[in-house]
Amino acid sequence: MADTWGDFKSFEGKKFETFDSEFTKQTSELIGGQDLTACFQCAKCSAGCPVSDKVNIQIHEVMRMLLFGMKEVLDTDMVWLCTTCYTCQERCPQGIDITDILFGLKNIAFTKGKSPQGYVTARQGLYDTGRLYAPTDWEREDMELGDVPEFNVEDTKKILDKTGLMKLKEDE
Ligand code: SF4
Ligand code: SF4
């Protein structure tokens, strides 16, 4: 598991001699086989992205990395810091399903053990306890709510099983 939001922080000083066309094909298939060469690097996606000032690698750069079959894209922070707001997808003049690619990249990164530890822990915690966060009675009192209600975690597990929450495994 990765400790940070992506190990690939910059293109500076890096040389990429081998591009993987199979990886380009795999990512294109995430969006129904759309042609990634349609991206002409206008950067309209990045211009509207709400996390553009938080990431090291911008979304239009991610798109170029995909076209070139650069698997290093799985190590970029954009994969995990993307809020899936769909702004880029709405703005793309070429109609590329950019956000949908990012969902797929998250899944691929997870199976390769590249997801941040916090995601892995949160997923397990949600499955084991039915909660991502345990509210306290005093917090509820402040909001004039009653005690934290009891619930049967086995029921929530059944629901989560149906969503396939735990289906994706590392090294699939
Ligand atoms: S908006 Fe579309 S065409 Fe423009 S850089 Fe982004 S993905 Fe490429
Ligand atoms: S979906 Fe992700 S990459 Fe696209 S604009 Fe929103 S945060 Fe940025």
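Here the structure is a predicted model, which is why all the values come from computation and not from measurement. Whatever order the structure lists ligands and atoms in, that order sets their numbers, starting from 1.
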P93: numbered ligand 1 atoms lying under 4.0 Å from its heavy atoms:
1 (S)
Taking only heavy atoms of Q94, which atoms of ligand 1 are found under 4.0 Å from at least one of them?
3 (S)
Give the atoms of ligand 1, by number and element, whose distance to some non-hydrogen atom of H60 is under 4.0 Å.
5 (S)
Hey, which atoms in ligand 1 end up nearer than 4.0 Å to a heavy atom of C45?
1 (S), 5 (S), 6 (Fe)
Would you say that I96 contacts I98 through its side chain, given a criterion of any heavy-atom pair below 4.5 Å between the two side chains?
yes
Answer side chain, backbone, both or neither: which part of A43 comes under 4.0 Å from ligand 1, heavy atoms only.
backbone
Contacting atoms of ligand 1, where contact means under 4.0 angstrom from a heavy atom of Q41
5 (S), 8 (Fe)
Suppose the cut-off is 2.8 Å; which protein N/O/S atoms would you list for atom 2 (Fe) of ligand 2?
C82 SG
Where is the nearest protein heavy atom to atom 8 (Fe) of ligand 1: which residue, which atom, and how far?
C39 SG, 2.4 Å
Element-labelled atoms of ligand 1 that are located less than 4.0 Å from some non-hydrogen atom of C92
1 (S), 2 (Fe), 3 (S), 7 (S)
Determine, for Y119 and K106, whether the Lys NZ or Arg CZ falls below 6.0 Å from the six-membered ring centre while staying within 45 degrees of the axis.
no
Would you say that L67 contacts T37 through its side chain, given a criterion of any heavy-atom pair below 4.5 Å between the two side chains?
yes
Students should be able to answer this: which protein heavy-atom is nearest to atom 4 (Fe) of ligand 1, and at what distance?
C42 SG, 2.3 Å
Return yes when atom NZ of K14 has more than 12 non-hydrogen atoms of other residues, nucleotides or ligands closer than 6.0 Å, and no otherwise.
yes
Side chain Q94, main chain A38, donor-acceptor under 3.5 Å
yes
Mind checking whether L30 and F103 have side chains closer than 4.5 Å, heavy atoms only?
no
Mind running salt bridge (charged side-chain N to carboxylate O under 4.0 Å, His left out) on R140 and D147 for me, showing each step along the way?
CA-CA 7 Å; R140 291 177 63 86; D147 293 343; over 6 Å; no
Counting neighbours of CD on Q41 that are heavy atoms of other residues, nucleotides or ligands and sit closer than 6.0 Å, is the number greater than 12?
yes
Using the side chain to side chain donor-acceptor pair (under 3.5 Å) rule, pick out the option among T99, D100, D97 that qualifies with Y86.
D100
Taking the side chain as everything from C-beta on, heavy atoms only, tell me whether R123 gets closer than 4.5 Å to L168.
yes
Would a 4.5 Å heavy-atom cut-off, applied to side chains only, mark M63 and I101 as touching?
yes
Relative to the heavy atoms of F40, which atoms of ligand 1 are at a distance of less than 4.0 Å?
3 (S)
